[in-house]
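The block underneath contains the structure these notes are about, expressed in structure tokens.
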Amino acid sequence: MPGSKPWLFDILADAKQIFIFEKTDDKYALHHRIMKCFKRHFELYREKKLECIWVTYVPLVLLLKPEAVKEALKENKFSEKSWLYHVILPLTGSSFFISPFSKWKPRRKLLTPCFHSDMLRDYLSVFNEQSQKLMKSLQSEATEEFTFIEDPISICTLNTICETMFGIQLEAMGIEGSNYVTSLKRLSEICTSRLYTVYQWPNFIFKLTPSYRDFVFHLKVVHNFSRKIIIQKKHDYLTGNKDHSKGKRKALLDVLVQQHLENQILNVEDTRDDVDTFIVAVI
């Protein structure tokens, strides 16, 4: 497989292009070096179907051509996620995103109807409303010399997915909704930082860092918020107070709660894990 394998006198291999000790005020310097490393490899092996970047003795296989992706998707074993995904495991739990193929396939079939085009049409008004709010937010920044657009776009996306897929409005939840957004952002920062900090990959080392205590605090905020939504949906379902009208496609959480209560396919933790996974995907 194309790539620079580590050897006795060069155990860092490709990692030496990334982990360069230099003084800089750029907090994204490491990320920029990683992207440059990827770009350099893409240019070097652009004619190959795949290649491998070695971080010490850990191989990261990159699929460069559609044919390689096609072959990989044919094999069920490639649906199993790498051990690096354990970084987000406390947040997403055993959701379909990182579950083994035997669990992922039936869960995917369960969720597929939630993304039907008819369902998306039902929520066009929500998309339009949130887009208008985003436009006004960006318009107010038009006179500034520089604008960091990540925050307004993330908030717009998070508001949209919460309202369309889970039936809640973060803006209407006041300080609780604000704390939820803050905790999601902080968890994203901690997970990203840990991925870039090799010595924090082992769990026993990460648990000794201040970031771990911060991670546990914000994880509790996110899980409690998700659990509250699920409990409310269960109450609505059991009392007959359903948001969706007859003949209208259900939102994602409605489907998950129904499977939990009627068919016992999902338990409460499975439902919460899937909820958190979809939310994490947009931050």
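Listed by chain and number, the residues in a salt bridge (charged side-chain N to carboxylate O under 4.0 Å, His left out) with K133 are E129, E171 (sequence neighbours excluded). Applying the salt bridge (charged side-chain N to carboxylate O under 4.0 Å, His left out) test to R186 and every residue at least two apart in sequence or in another chain returns E189, D214. Take Y212 and apply the ring-ring contact (aromatic ring centres under 6.0 Å, His included) test, not counting sequence neighbours, and it matches F206.
When side chains are defined from C-beta on, F215 does not count as touching T209, because their heavy atoms never get closer than 4.5 Å.
Taken from NZ in K65 to CZ in R46, the straight-line distance is 8.5 Å, to the nearest 0.5 Å. Summarising the geometry, atom OG1 belonging to T160 is positioned 8.5 Å from atom CG belonging to L134; distances are rounded to the nearest 0.5 Å. Note that CZ of R194 is 4.5 Å distant from CG of N203, once rounded to the nearest 0.5 Å. Here I190 contributes atom CD1 and L195 contributes atom CG; the two are 12.5 Å apart, rounded to the nearest 0.5 Å. Atom OG1 of T143 sits about 7.5 Å away from atom CD of E141, to the nearest 0.5 Å. Atom CD of E144 sits about 12.5 Å away from atom CG of L138, to the nearest 0.5 Å.
Follow the hydrophobic side-chain contacts under 4.5 Å out from V221 and you never reach V216; the two are in separate clusters. Taken together through direct or relayed side-chain contacts under 4.5 Å among Ile, Leu, Val, Met, Phe, Trp and Tyr, V126 and I153 form parts of separate hydrophobic clusters.
Summarising the geometry of K49 relative to A68, their closest heavy-atom pair is O-CB, 3.3 Å, with the distance given to 0.1 Å. Closest approach of L62 and F42 over heavy atoms only: CD1-CE2, 3.9 Å. The two residues V222 and S183 make their nearest non-hydrogen contact at CG2-CB, 3.9 Å. Considering every non-hydrogen atom in both L64 and K48, the closest pair reads CB-O, 3.6 Å.
Other residues, nucleotides and ligands contribute more than 12 heavy atoms inside 6.0 Å of the CZ atom of F127.
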Practice problem: Might you work through the side chain to side chain contact (heavy atoms under 4.5 Å, CB included) test for M135 and Q132, ending with a clear yes or no? | Solution: CA-CA 5 Å; M135 183 190 69; Q132 290 294 325; 3.3 Å; yes
Quiz item: Where do L184 and S188 land on the side chain to side chain contact (heavy atoms under 4.5 Å, CB included) test, with the steps shown first?
Solution: CA-CA 6 Å; L184 279 173; S188 176; over 6 Å; no
